[in-house]
Student: 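This is the structure, below, for whatever I ask next.
Atoms considered below: every heavy atom in the structure, side chains included; atoms not considered: hydrogens, waters and symmetry mates. Small disclaimer: the values here were computed from a predicted structure and weren't measured. Here is the naming used below: chain letters follow the sequence lines, and residue numbers restart at 1 for every chain.
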Amino acid sequence: METRYNPRQIETEVQSLWQQTNALKVTEDPDKEKFYCLCMFPYPSGKLHMGHVRNYTIGDVISRYQRMHGKNVLQPMGWDAFGLPAENAAMSNNVPPSRWTLDNIAYMKKQLLALGFAIDWDRELATCLPDYYKWNQWLFLRMLEKGLAYQTTGTVNWDPIDQTVLANEQVIDGRGWRTGAVVEKREIPMYYLRITAYADELLDCLDKLPGWPERVRTMQANWIGRSTGVEIGFPVVGRDTILKVFTTRADTLMGATYVAVAAEHPLAKQAAERQPALAAFIEECRQGAVMEADLATQEKKGMDTGLFVHHPLTGEKLPVWVANYVLMAYGEGAVMAVPAHDQRDFEFALRYKLPIKTVIRPVTGELLEPLTEAWTEYGITIHSGEFNGLDFAGAVEAIATALAQKQLGKKRTQYRLRDWGISRQRYWGCPIPLIHCEHCGVVPVPDTQLPVKLPEDLVPDGSGNPLAKNPAFYQCTCPKCGKPARRETDTMDTFVDSSWYYLRFCNKDQDAGMVDARSKYWMPVDQYIGGIEHAILHLLYSRFWTKVMRDIGLINIDEPFSNLLTQGMVLNEIFFRKADTGRIQYFNPAEVEIKRDEAGQRIGAVLKADGTAIESGGIGTMSKSKNNGVDPQSLIDSYGADTARLFMMFTSPPEQTLEWSDSGVEGAYRFLKRLWKFATDTIDMGKAPALDKTTLTEEQRAARRKIHETIAKVDDDLGRRFTFNTAIAAVMELINTLTRLDGTSTNNHAILHEGLEITLLLLCPIVPHITQNLWQAIGHEGLIMDAHWPTSDEEALKRNEIELIIQVNGKLRGKINVAVDADEATIKSLAMANDNVVRYLENNTVKKVIVVPGRLVNIVI
RNA sequence: GCCGGGAUGGCGGAACUGGUAGACGCGCCAGACUCAAAAUCUGGUUCAGGCAACUGAGUGGGGGUUCGAUUCCCUUUCCCGGCACCA
């Protein structure tokens, strides 16, 4: 038997064995229980990063575990291949995005193969290929027919110098990333998908997803943000219009002292026509990006429009202000302001000296006036005339009724969720299949002309969409009237591509339809695994898209993902340098050297190449844009795939964030070497004898108990808890126990052999190469992945004695061994007789004794 | 700003249902092997006091519930993810 562990040779051999035996090919088998295990597919950014390795190792462990439990397991892989980075790479390298993307795919596929994932590569797909994105276009047209897709205007970031739309990521501190120009908001026509039509179902179905983490369901529920409240009309003074607002706090209506509208609100625009100062303020509000985080943290500013509205119940005149904290996208783009009971209104009122009127008091006690901050809790109405003395629900009901009588209000449900804008003024995406005809208007491309193919040889230059400058693409004829027309040059959001790829894996070779009967066999996905950063958008869009496909009759499921595992991010330090132009250049941690003082305290960081100082931007998710990824290739090259896999699984549990550090890899490698030595030592002892259960020593019984406890522990950790780190720790403990047995007796030899065989089976999902190799070495034919998962022997698990903890007043004071079936009285008297315990009981009376069976005795004095 | 999550030895983490805090690993210390080093093996390793038995403190900070709290409740600080055009 080879004495040295040689991962490179073993891994190559085992991988070619899988290939020769076609072990990873999966077909639909109605007689077998299916298990669809899916990891979020990667964006082909260039090479794998640690997040990918973590994600796909988790998926592979689960897939192989389920396969060993007899399931027909599908684990596919594909490429989320459209997107912005390809355009950026194209600009800097002068290579078309398609070339760059396909090269990256080829390289990353090699890396995935080297890691030994049990993927059925026959099902590989890439979203940038026409046979995939054709069906984006096809379904978009179906949604258009059903009124689920529509056109309206949307607000985008506009770079006034490059004359181009910017992604949020391309806006840095309110300025364009390439030009440094202050970004403006601009309204442009866009296509939307009516996800709000499914808001109730998307919310209600969250309760039917017990296999999803609670936190993800909570985040989605809050994102959808269903609230019930009252829509209130404020008649505009001197005009025949009503200003509508929505509020969840109608109980505070009598405390409204002004009304605030968003800068984009029609009333603000009208008022600005005769007031240059107001027009200038509205223009100022147009400066800056559209991101909500920016809007919500900016300084609260406003200006009086000079207009007034009547309070709908009292008729009192209230001023109308334009305020930058009111979002046009939520509700009506206008709010009634109640400074006493809303913190933002309170701050705004203080700043602009607007009145503050308290109309709610706590159920018990009084508010101390003047207020130093808004009191936002529910309470009892005061200073509210006929509505005084009501609780929250009573006040809302009474006020809503009063408003309804005047036809100035009604109860209504409001969602925070907005429709999904899918238009992108970008080249590297799926073309929206529409044609603009002077005579016929917007005309859908007929199904027979799909796909609308994206030209693959363009190189963007940063100033607008290259498709819009490419006559070969946009010149076309109208399908209705046959006259010359212009093709839509916007492409689709890449979230469209990723909203249904899991369906296409089931039947990717089907060219007559988007899906076929095979998706009925595989769907829904039994286990979906991906980064927590996708908890809202991608997962919500996929759920929506699934429901649309169901309603079109393509599939018969309500939800795409039965169980969800959200892995934490892999984080690493970010290093950067800011150029004089304000442009930020990021450096990979591998290029950086940390400087320390004599005590080992960190004092700074320099670039290895030239020794110049470099700034740290803290730690953040490993990303292409921050250039802080660690290349897993070096890990694979020096230690092999099994070490890389073991290390990733052992370092931290999957749902937690993982801060990268190079230490620990050696430990994983050392463990595999110990496993190798344990196996070769056991094999060298020769053929294993049969175990004689009648003559076992206490030590041998303990060793066998450890073996069979470990089976149960690892089964639970891999299959239910997904705590791969504790599963590995349990196997390490087992090997520690077994290697302390010396093999000279027949029974010890038998136990070592049994322990080795079970160790290999338990570790097989995590380190499939070394376990396959050793499986054959101990005399088995064929694939360990097709061997059945071991079951623990009840007989071996039995114990005669257990250890109990003795506490005095909750503090540990001793330990006793008792028979498993000892009664409470026996346990109590043994506990009280314990030497150390007796010292504490002297001169004290025992108040009570708590016995927790199987665990402890607590004596209270 | 809003929504969600997190914080445990020198480090990564364990403690699953309120019941022994620190499993397992890294690092470090000591020893064995070696001419020496690497590798490997053995032992030790939360902090403070003590020769030891043992005692005290201890799970970001403050408070509470409980016989008993890393775990539940309130509050606070810091860190991470998301915020609709990064994917």
Student: Provide the Watson-Crick or G-U wobble partner of B:rU46, both distances under 3.5 Å; none if there is no partner.
Tutor: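 The base-pairing partner of B:rU46, which may sit in any strand shown, is B:rA57.
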Student: Taking only the C1' atom of each, what is the distance from B:rG13 to B:rC67 in whole angstrom?
Tutor: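 My reading of the C1' atoms in B:rG13 and B:rC67 gives 31 Å.
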Student: Of the options B:rC86, B:rG27, B:rG81, whose atoms approach the side-chain atoms of A:P85 most closely?
Tutor: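 For A:P85, the side-chain atoms sit closest to B:rC86.
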Student: Indicate whether OP1 or OP2 belonging to B:rG4 is found under 4.0 Å from a side-chain N or O atom of A:R217.
Tutor: no
Student: Quick one: which of B:rG13, B:rC24, B:rG4 gets closest to the side chain of A:S652?
Tutor: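 Within the option list, the nearest is B:rG13.
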Student: Applying a 3.5 Å limit to both distances, which nucleotide forms a Watson-Crick or G-U wobble pair with B:rG31?
Tutor: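 Paired with B:rC41.
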Student: When all nucleic acid strands are considered with a 4.0 Å heavy-atom cut-off, which category describes A:N858: base, sugar-phosphate, or nothing?
Tutor: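 Counting heavy atoms under 4.0 Å across all strands, the contact made by A:N858 includes a base.
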Student: Ignoring hydrogens and angles, does a donor from either the side chain of A:Q425 or the base of B:rC85 sit under 3.5 Å from an acceptor on the other?
Tutor: yes
Student: Contact between A:V183 and A:W158 at the side-chain level, heavy atoms closer than 4.5 Å - yes or no?
Tutor: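 SC-SC contact between A:V183 and A:W158 ruled out.
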Student: Between A:Y541 (OH) and B:rA87 (P), how many Å, whole number?
Tutor: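 To the nearest whole Å, that distance equals 12 Å.
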Student: Assign A:Y840 to base, sugar-phosphate, or nothing according to its heavy-atom contacts below 4.0 angstrom with the strands shown.
Tutor: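 Sugar-phosphate contact only.
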Student: Using atom P in both nucleotides, what's the gap between B:rC73 and B:rG4 to the nearest angstrom?
Tutor: 14 Å
Student: Taking only the C1' atom of each, what is the distance from B:rA53 to B:rG49 in whole angstrom?
Tutor: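 Their C1' atoms lie roughly 14 Å apart.
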Student: Write down the distance between CG (A:L540) and P (B:rG4), rounded to a whole number of angstrom.
Tutor: 16 Å
Student: Within 45° of the six-membered ring axis of A:W223 and under 6.0 Å from that ring's centre, is NZ or CZ of A:R416 located there?
Tutor: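 Satisfied, under 6.0 Å and within 45°.
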Student: Please report the distance, rounded to the nearest Å, between NZ in A:K706 and C1' in B:rA23.
Tutor: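 These atoms are roughly 9 Å apart.
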Student: In whole Å, what is the span from the OH atom of A:Y43 to the P atom of B:rC86?
Tutor: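 Interatomic distance, OH of A:Y43 to P of B:rC86: 13 Å.
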Student: Toward the 5' end of RNA chain B, which comes first, A:T494 or A:V852, by nearest nucleotide?
Tutor: A:V852
Student: Under a 3.5 Å cut-off for both contacts, is B:rG22 paired Watson-Crick or G-U wobble with anything, and if yes, with which nucleotide?
Tutor: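 B:rG22 is unpaired by these criteria.
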Student: Quickly work out the A:M108 CE to B:rA87 C1' distance and round it to whole Å.
Tutor: 12 Å
Student: What integer number of Å spans the P atoms of B:rA23 and B:rG9?
Tutor: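 Looking at atom P only, B:rA23 and B:rG9 are 13 Å apart.
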Student: Could you tell me whether a side-chain N or O of A:T376 sits under 3.5 Å from a main-chain N or O of A:D342, the two making a donor and an acceptor?
Tutor: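 Flag not set: sc A:T376 to bb A:D342 has no pair under 3.5 Å.
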Student: If you compare every side-chain N and O of A:N836 against the phosphate oxygens of B:rU55 (OP1, OP2), does one of them come in below 4.0 Å?
Tutor: yes
